[in-house]
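Notes to accompany the following structure.
Computed over heavy atoms, backbone and side chain alike; hydrogens, waters and symmetry mates excluded. Counting begins at 1 with the first residue of the sequence. Because the structure is a prediction, the values reported are computed rather than measured.
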Amino acid sequence: AKCEGGSGFSFYKPVMNERVLETLELEGALRLAVERHEFCLHYQPKVDLTSGRIVGCEALLRWRHPQRGLVAPAEFIPLAEETGLIVPIGAWALKEACRQTRAWVSEGLPPVSIAVNISARQFRKGDLPQLVREVIQESGIDPRLLMLELTESILMTNPLGAVSVMETLKTFGVGLSLDDFGTGYSSLAYLSRYPFDQLKIDRSFVNDIVTDSNSATIATSIIALAQRMGLRTVAEGVETEAQLGYLRKNGCDEMQGYLVSRPLAAGDFARFLRENNGV
Ligand code: C2E
Ligand code: CA
Ligand code: CA
Ligand code: CA
């Protein structure tokens with residue numbers, strides 16, 4: 001398939017006077033990319049820290065640029081957000097993730113949950129619930145397998161609107177995850193006010209837990225609080241055994257990170273799941 005193979009990224013590196021041109025070129029290319037189906041998804045395993053089994057994955061967007069090769073989301077998502085192109089791109093990602101999940105189940109793989117990132121712009125568009133409902137119907141997946149990852153920026157721009165959209169989504173049976181917790185404006189109030197099922201502790205944070213005692217204290221408190229509120233905690237960007245040990249000792253529920261696996265092309269993820277979950 002188009003998305004298999006190396007995961008080495010190429011980068012847009014605009015020089016000062018070339019920046020405007022580069023941005024225009026990038027925007028044009030991004031527009032065409034939607035029509036030309038140049039996007040694909042890679043899947044990063046999520047591991048349950050109690051059972052040691054793979055219980056899910058996160059779908060991460062990749063752009064196969066015809067000249068530049070695989071382009072990382074950090075290189076184009078900000079512009080996609082700005083131009084509104086994230087709406088069709090995000091809709092494609094949601095559809096593709098559910099189609100792939102259904103295909104895996106049909107192949108006899110053990111069902112695992114699939115997490116899809118939802119951008120603020122996409123969330124605000126208003127018809128997100130309708131899109132989610134359609135995608136679940138079309139793909140025929142168990143809605144409980146779908147987890148939507150939302151960031152705090154979504155909650156800040158329209159708190160009341162966000163609650164009602166989230167409550168509608170919950171009625172479909174999908175899970176809601178608060179992504180990148182520990183960065184930016186993180187507020188514990190979000191956890192009580194919104195119907196989240198899961199909280200993801202940001203990588204920048206996980207990175208420091210064994211070297212910085214303040215980060216460690218905060219991480220421990222977040223996990224304890226989340227537990228009391230009935231939320232599952234997922235640590236992202238776990239790279240070392242020491243980080244894993246600390247998280248496990250403090251009751252974190254799940255992890256994802258290079259320690260277990262980088263994001264994988266669909267075929268590689270299926271193989272990884274077979275090999276590790278023993279089917
Ligand atoms: P994110 O949602 O926080 O996703 C986790 C990022 O951390 C991914 O980067 C993943 O490859 C990377 N990562 C995972 N484990 C490790 C680790 O152990 N060490 C290090 N250094 N990195 C690790 P990626 O795939 O480049 O995605 C970057 C961001 O782009 C995502 O951050 C997310 O905000 C955004 N993104 C990706 N796909 C989508 C999408 O379909 N829609 C939207 N709206 N945003 C997306
Ligand atoms: Ca995410
Ligand atoms: Ca994240
Ligand atoms: Ca992050």
Side-chain angles (χ1 to χ4, degrees), residues 1-11 33 37-49 51-66 68-77 89-90 92-118 135 139 141-142 145-149 175 177 179-180 198 200-203 206-207 232 234-241 243-244 247 252-279:
K2 220 168 134 217
C3 211
E4 306 289 325
S7 61
F9 290 121
S10 77
F11 292 94
H37 310 288
E38 290 172 359
F39 294 105
C40 64
L41 295 175
H42 278 188
Y43 302 87
Q44 186 174 40
K46 283 183 172 176
V47 174
D48 181 289
L49 292 186
S51 67
R53 294 174 76 81
I54 299 162
V55 288
C57 63
E58 177 176 6
L60 294 155
L61 199 58
R62 303 290 180 255
W63 179 12
R64 278 236 169 246
H65 190 287
R68 301 191 192 234
L70 211 57
V71 183
E75 304 289 313
F76 63 90
I77 287 194
I89 296 171
W92 176 84
L94 189 62
K95 264 185 209 148
E96 176 61 13
C98 293
R99 186 204 61 76
Q100 183 62 69
T101 301
R102 175 55 195 253
W104 282 329
V105 172
S106 302
E107 283 168 33
L109 284 168
V112 292
S113 80
I114 181 128
V116 179
N117 292 285
I118 303 294
V135 166
S139 63
I141 66 163
D142 181 341
L145 292 181
L146 180 61
M147 177 69 78
L148 303 177
E149 295 196 1
S177 176
D179 202 358
D180 298 341
Q198 182 185 88
K200 293 187 82 174
I201 305 169
D202 191 64
R203 170 160 66 89
V206 169
N207 200 45
R232 279 180 76 77
V234 181
E236 62 177 30
V238 179
E239 293 183 353
T240 69
E241 289 287 352
Q243 290 165 351
L244 175 60
L247 291 160
C252 184
D253 297 303
E254 288 174 33
M255 65 81 90
Q256 63 185 103
Y258 294 171
L259 181 64
V260 168
S261 171
R262 288 178 178 260
L264 301 168
D268 294 332
F269 178 78
R271 217 164 299 131
F272 192 82
L273 186 60
R274 273 209 183 85
E275 280 163 14
N276 289 280
N277 278 12
V279 284

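Contact record, Val260 with Pro45: CG1-CB, 4.5 Å, taken as the closest heavy-atom pair. Between Leu60 and Pro263 the shortest heavy-atom distance is CD1-CG, 3.7 Å. When all heavy atoms of Gln198 and Ser177 are compared, the pair lying nearest together is OE1-OG, 2.8 Å. When every heavy atom of Leu247 is checked against every heavy atom of Ala235, the shortest pair comes out as CD1-CB, 3.5 Å. Of all non-hydrogen atoms in Val135 and Cys98, the two that sit nearest each other are CG1-SG, 3.4 Å.
Side-chain atoms of Ile77 and Ile89, non-hydrogen and from C-beta on, never get closer than 4.5 Å to each other. Between Val47 and Glu254 the shortest side-chain heavy-atom distance does not fall below 4.5 Å. The side-chain heavy atoms of Leu273 and Val112, taken from C-beta on, include a pair separated by under 4.5 Å. Proximity of Glu149 to Ile118: side-chain heavy atoms (C-beta onward) are nowhere separated by under 4.5 Å.
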Begin with the C-alpha distance, continue with both residues' side-chain angles, and end with the deciding distance and a verdict on side-chain contact (heavy atoms from CB on, under 4.5 Å) for Ile54 and Phe272. CA-CA 9 Å; Ile54 299 162; Phe272 192 82; 3.6 Å; yes

Between Ser113 and Val55, does a side-chain contact (heavy atoms from CB on, under 4.5 Å) hold up when you go through it step by step? CA-CA 6 Å; Ser113 80; Val55 288; 5.9 Å; no

Check step by step if side-chain contact (heavy atoms from CB on, under 4.5 Å) holds for Leu94 and Leu148. CA-CA 9 Å; Leu94 189 62; Leu148 303 177; 3.9 Å; yes

Dump the intermediate steps for side-chain contact (heavy atoms from CB on, under 4.5 Å) on Leu41 and Trp92, then the final yes or no. CA-CA 10 Å; Leu41 295 175; Trp92 176 84; 4.0 Å; yes

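Using a 30° and 60° split on the angle between ring planes, Tyr43 and Phe269 fall in the tilted class, from 30° to 60°.
In this structure, CG in Asp179 is found 11.0 Å from CE in Met147, a value given to the nearest 0.5 Å. To the nearest 0.5 Å, atoms CD (Gln243) and CE (Met255) are separated by 8.5 Å. The distance from the NE2 atom of His65 to the CD atom of Glu75 is 11.5 Å, given to the nearest 0.5 Å. Interatomic distance, Cys40 SG to Leu70 CG, rounded to the nearest 0.5 Å: 6.0 Å. Phe76 contributes atom CZ, which lies 4.0 Å from atom CG of Leu61 (distance to the nearest 0.5 angstrom). Within the model, atoms OG of Ser139 and CG of Leu145 stand 9.5 Å from one another, a figure rounded to the nearest 0.5 Å.
Gln44 and Gln256 share a side-chain donor-acceptor pair at under 3.5 Å.
In terms of modelled atom types and a separation under 3.5 Å, the side chain of Asp48 and the main chain of Arg53 share no donor-acceptor contact.
Contact check on Asp268 versus Arg262 returns no salt bridge, with no Lys/Arg side-chain nitrogen under 4.0 Å from an Asp/Glu carboxylate oxygen. At a threshold of 4.0 Å, the pair Lys200-Glu58 counts as salt-bridged, since one of the basic side-chain nitrogens sits closer than that to a carboxylate oxygen.
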